[in-house]
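Comments concern the structure below.
The figures here come from the full heavy-atom set of this structure, side chains too, leaving out hydrogens, waters and symmetry mates. By convention in this document, chain letters (A, B, ...) are assigned in the order of the sequence lines, proteins followed by strands, and residues within each chain are numbered from 1. None of the values given here were measured: they were computed from a predicted structure.
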Amino acid sequence: MSTPRETPASTPGTPDSPPPKSHFIRDIIVQDVQSNKNGGRVQTRFPPEPNGYLHFGHSKAIHLSFGLAQEFGGKCNLRFDDTNPCKEETEYVAAIIEDLRWLGADWADRLFYASDYFDQLHAWAVQLIEAGKAYVCDLTAEQVREYRGTFSQPGRESPFRGRSVEENLALFARMRAGDFPDGSRTLRAKIDMASPNLNLRDPIMYRILHAEHHRTGNKWCIYPTYDYAHGQCDSLEGVTHSICTLEFEDHRPLYDWFLEQLGIHHPQQIEFDRLNLTYTILSKRKLLQLVRDGHVRGWDDPRMPTICGARRRGYTPEAFGNFCSRIGVSKTTGVVELPLLEHYVREDLNRRVNRVMAVLRPLRVVIENYPDDLVEELDAVNNPEDVNAGTRKVPFSRVLYIEREDFREDPPKKFYRLSPGREVRLRYAYLVTCRDVIKDASGDIVELRCTYDPETRGGNTPDGRKVKSTIHWVSAAHSLEAEARLYDTLFAKEDPNEVGEGEDFTANLNPNSLEVVERCRIEPGLRSAPVGALYQFERLGYFCVDPDSTPEKLVFNRTATLRDTWAKIERKQKGAAS
RNA sequence: UGGGGCGUCGACUAGUGGUAAGUCACAUGCCUUUGGAGCAUGGCACCCAGGUUCGAAUCCUGGCGCCCCAGCCA
């Protein structure tokens, strides 16, 4: 048995992980440390909004911000960006923390919330009003949009832009006191309505929202916008390198403006390209839609590209860490192929996970010349990649199950497995030869009659003869029943967002993303396998015990398949035939 | 359309004036008591055009292409 370790491997420095890879952000930090900028201090932060679950894209940001801090002896804060009470919930806070821990992120006691700074943010807003740099605007949302102008046309100044400091102060105080309804007024920064950067056309700093906040309750009815809050929150925390994704690049001048007006510590924002993965959607909004509309069973559905989904599927933090190290960091907009992530999952699982025999679609086999009442305990290697993993005993008896796919009555070319008259090895057991095929009334194969060679115990051939194939098996009387959930990509298209007229991304959902296989048979040794335990089912793939398991029946998620050379050959044969 | 970014094998990423490298994927072979894993080998990659230079992916000029921005979301 083996369970996912909870070691921090999504951050560099663990024994097996590759040395930190150079990239442009790391280069900047190296330079800053060398030039003693910020006193040589490195402080980053990871600022999720608690309005959804962490997904694969976040793992890249987490790996970066936490990893860089660790590498340079600095700190990385966790700060929830909770400036919008309408969309945020404590459920998400707890889930995000759990996922972060699992990934190995370490923020020690530095768990913060943007809402921790609401008082300071408000005081700074007052300060900006007093300096004539902010004003209360009575325009409606629609009017604000009209006044903003377009890409090619400059905006127009709000008619309320010229209000006196006193009037602004009084109005802002009344906004805060709850004198006005939602949306009736805003506090705006007085910058430049003609700026080619739309973010600088008098952006909103505060909006009226009579909504209960998950942390501050009903203390406030005005809430700062992200654009107003973010830079100052970073500043308050002494962040030196504020790492974020590319779409915030043209917000940076705005953050800089607030910091300069206020004359406070100025973190350096550095933008990188967010993760894109083939066959995957990494948008919280769309992920939420999949959950709400029941396209998946929840945020932790093993098909979801969420961290909790991956955990349930059997992915490991180490796999994410190695993946993130390998994909690197840049500003080029790219799409990483899903098989690269899967490669790191397999690589990690291959070396840590014990092998076991399981039959997904059982075919009954009777060994005619094996004694009816005999049961042998045969030795099986737990993990050929790890000598310390030892061996286990597997019961063998007269009646067995093998994989239906491992028998062909009429074997095609290059099919080396069992067929009438052919001898194969039962892994760790004996060489057996198929003597007869039993069918039911409708012609379906229901049983194979085989004979075994007693000289080949353990699968050895004292006479040196070779067999083309070794197949897995399970003793019928001793094996346990289990359910297996086989997954394929959630979307059928490489780019799920590529849709036809009037369709949305759900049109690209893969109808075959989940296949439930009931009545599988597994080795008796798995009887008390705990939830989350990972195994390799020999020749089939990696599987993980699902929380839906009961004492009566284990449920397994297929984490990843093994390379299937025969399937490839068969595909080619079929392609050539048609 | 104004602004901000970005163009290197199929994918991701190195390279920072001097032999274009690595990983995945793909292909072929070896090995194998998992058709697993492993090992070995392989392939018209520098967006285009000029320029500077003995020498350019790298520097300059001009094109072309792609991404992001007109939420009181983040």
Query - Rounded interatomic separation in angstrom, taking CG from A:L349 and P from B:rG36 - result: 17 Å
Query raised in the report: With a 4.0 Å cut-off on heavy atoms, is A:Y344 in touch with a base, just the backbone sugar-phosphate, or nothing at all?
Result: sugar-phosphate
Query raised in the report: Touch check for A:V329, heavy atoms < 4.0 angstrom, all strands: base, sugar-phosphate only, or nothing?
Result: sugar-phosphate
Query - Rounded distance in Å between the C1' positions of B:rA21 and B:rG43 - result: 15 Å
**Report entry** Whole angstrom value for the distance that separates P of B:rC12 from CD of A:E342
**Finding:** 17 Å
Query raised in the report: When only distance counts, do a donor and an acceptor, one from the side chain of A:E271 and one from the base of B:rG5, lie under 3.5 Å apart?
Result: no
Query raised in the report: Taking only side-chain nitrogens and oxygens of A:R207, does any of them come within less than 4.0 Å of OP1 or OP2 of B:rG71?
Result: no
Query raised in the report: What's the closest nucleotide to the A:R355 side chain, out of B:rG36, B:rC24, B:rG3?
Result: B:rG36
Query raised in the report: In whole Å, what is the span from the OH atom of A:Y535 to the P atom of B:rG36?
Result: 24 Å
Query raised in the report: A:F24 has an atom CZ; how far is it from atom P of B:rU58, in whole Å?
Result: 21 Å
Report task. Could you check which of B:rG10, B:rA74, B:rU34 has an atom nearest any side-chain atom of A:R539? Result -> B:rU34
Requested in this report: Return yes if a side-chain donor-acceptor contact under 3.5 Å exists between A:S235 and A:Q232, otherwise no.
Outcome: no
Query raised in the report: Can A:D379 and A:T391 be counted as having a side-chain donor-acceptor contact under 3.5 angstrom?
Result: no
Query raised in the report: Within the modelled atom types, does a donor on one side and an acceptor on the other bring the side chain of A:R563 and the base of B:rG35 under 3.5 Å apart?
Result: no
**Report entry** Phosphate OP1/OP2 of B:rG71 contacted by A:T225 side-chain N/O (<4.0 Å)
**Finding:** no
Report task. Would you indicate what A:G334 reaches in the nucleic acid, counting non-hydrogen atoms under 4.0 angstrom: base, sugar-phosphate, or nothing? Result -> sugar-phosphate
Requested in this report: Could you please name the partner base of B:rG18, counting Watson-Crick and G-U wobble pairs only when both distances are under 3.5 Å?
Outcome: B:rC54
Requested in this report: Please figure out whether A:L540 or A:E142 has its closest RNA chain B nucleotide nearer the 5' end.
Outcome: A:L540
Query - Centroid under 5.5 Å and tilt under 30°, A:F151 to B:rG3 - result: no
Query raised in the report: At under 4.0 Å, does any side-chain N or O of A:T332 touch on OP1 or OP2 of B:rC67?
Result: no
**Report entry** Pair A:Y315-A:Y344, ring-ring contact (aromatic ring centres under 6.0 Å, His included): steps then yes or no
**Finding:** CA-CA 9 Å; A:Y315 284 21; A:Y344 285 103; over 10 Å; no
Query raised in the report: Does a side chain donor of either A:E523 or A:Y535 reach within less than 3.5 Å of an acceptor in the other side chain?
Result: no
Report task. May I ask you to check whether over 12 heavy atoms, not counting those of A:R292, lie within 6.0 Å of atom CZ? Result -> no
Requested in this report: Give one of base, sugar-phosphate or nothing for A:R417, where a contact means two heavy atoms less than 4.0 Å apart.
Outcome: base
Query raised in the report: Between B:rG35, B:rA27, B:rC72, which nucleotide gets closest to the side-chain atoms of A:F415?
Result: B:rG35
Query raised in the report: Within less than 4.0 Å of OP1 or OP2 of B:rG22, is there a side-chain N or O belonging to A:R326?
Result: no
Query raised in the report: Just checking A:I569: base, sugar-phosphate only, or nothing, at a heavy-atom cut-off of under 4.0 Å?
Result: base
Requested in this report: For A:T150, answer base if it contacts any base atom (sugar-phosphate contacts may also be present), sugar-phosphate if it contacts only those atoms, and nothing otherwise; contact means non-hydrogen atoms under 4.0 Å.
Outcome: base
Query raised in the report: Does A:S330 make a side-chain N or O approach to OP1 or OP2 of B:rU13 shorter than 4.0 Å?
Result: yes
Query raised in the report: How far, in whole Å, is B:rU16 from B:rA56 if one measures between their C1' atoms?
Result: 12 Å
Report task. Taking atom C1' in both B:rU23 and B:rC60, compute the distance separating them and give it to the nearest angstrom. Result -> 34 Å
Query raised in the report: If you count the non-hydrogen atoms of other residues, nucleotides and ligands that lie under 6.0 Å from CD in A:E142, is the total more than 12?
Result: no
Query - Whole-angstrom distance between B:rA57 and B:rA45, as gauged at atom P - result: 14 Å
Query - Under 3.5 Å donor-acceptor pair, A:Q536 side-chain atoms to B:rU34 base atoms - result: yes
Report task. Kindly indicate, with the supporting measurements, whether the criterion side chain to side chain donor-acceptor pair (under 3.5 Å) is fulfilled by A:S242 and A:R45. Result -> CA-CA 7 Å; A:S242 178; A:R45 103 270 92 117; 3.1 Å; yes
Query raised in the report: Using a cut-off of 4.0 Å on non-hydrogen atoms, how would the nucleic acid contact of A:H251 be classed: base, sugar-phosphate, or nothing?
Result: base
Query raised in the report: Across the strands shown, which category fits A:N199 at heavy-atom distances under 4.0 angstrom: base, sugar-phosphate, nothing?
Result: nothing
Requested in this report: Using a 4.0 Å heavy-atom cut-off across all strands, classify A:T140 as base, sugar-phosphate, or nothing.
Outcome: base
**Report entry** Integer angstrom distance from the P of B:rU1 to that of B:rC67
**Finding:** 14 Å
Query raised in the report: Taking any strand in view, what nucleotide pairs with B:rG42 in a Watson-Crick or G-U wobble way, both distances under 3.5 Å?
Result: B:rC26
**Report entry** Whole-Å gap separating C1' (B:rU32) and CD (A:E385)
**Finding:** 12 Å
Requested in this report: Answer with base, sugar-phosphate or nothing: what part of the nucleic acid does A:E249 contact at a heavy-atom distance below 4.0 Å?
Outcome: sugar-phosphate
**Report entry** Separation of B:rC72 C1' from A:R148 CZ (nearest whole Å)
**Finding:** 9 Å
Query raised in the report: With sugar-phosphate meaning primed atoms plus P, OP1 and OP2, does A:V381 contact a base, only sugar-phosphate, or nothing at under 4.0 Å between heavy atoms?
Result: nothing
Query - Protein-nucleotide distance (A:I327, atom CD1; B:rC12, atom P), rounded to Å - result: 11 Å
Report task. Between B:rG65 and B:rC31, how far apart are the C1' atoms? Round to whole Å, please. Result -> 47 Å
Query raised in the report: Which nucleotide in the list B:rU34, B:rC6, B:rA70 gets nearest to the side chain of A:K331?
Result: B:rC6
Query raised in the report: Which glycosidic conformation, syn or anti, is assigned to B:rG43 if syn requires a torsion within 90° of zero?
Result: anti
Query raised in the report: What does B:rC64 pair with, Watson-Crick or G-U, if both distances are under 3.5 Å?
Result: B:rG7
Report task. Quick one: label A:T565 by what it contacts on the DNA or RNA (base, sugar-phosphate, nothing), any heavy atom closer than 4.0 Å. Result -> sugar-phosphate
Requested in this report: Tell me, with the steps shown, if A:Y135 and A:D202 meet side chain to side chain donor-acceptor pair (under 3.5 Å).
Outcome: CA-CA 9 Å; A:Y135 63 97; A:D202 289 11; 2.6 Å; yes
Query raised in the report: What does A:K568 touch in the nucleic acid at a heavy-atom separation under 4.0 angstrom: a base, only the sugar-phosphate, or nothing?
Result: sugar-phosphate
Query - Gap in Å between the two P atoms, one belonging to B:rA14 and one to B:rC9, rounded - result: 13 Å
**Report entry** Earlier contact from the 5' end, RNA chain B, for A:P224 and A:N350
**Finding:** A:N350
Query - Between A:E237 and A:N77: side-chain donor-acceptor atoms closer than 3.5 Å - result: yes
Report task. Take atom CD of A:Q268 as the centre, draw a 6.0 Å sphere, and report whether it contains more than 12 heavy atoms from other residues, nucleotides or ligands. Result -> yes
**Report entry** B:rG22 phosphate, OP1 or OP2, under 4.0 Å from A:K21 side-chain N/O
**Finding:** no
Query raised in the report: Base, sugar-phosphate, or nothing: which does A:P47 touch, judged by heavy atoms less than 4.0 Å apart?
Result: nothing
Query raised in the report: Expressed as a whole number of Å, how far does the P atom of B:rG50 sit from that of B:rG5?
Result: 29 Å
Report summary line: Taken to the nearest whole Å, CG/A:L418 to P/B:rG35 is 13 Å
Report task. State whether the distance check finds a donor on one side and an acceptor on the other, under 3.5 Å, for side chain A:D250 versus base B:rG3. Result -> yes
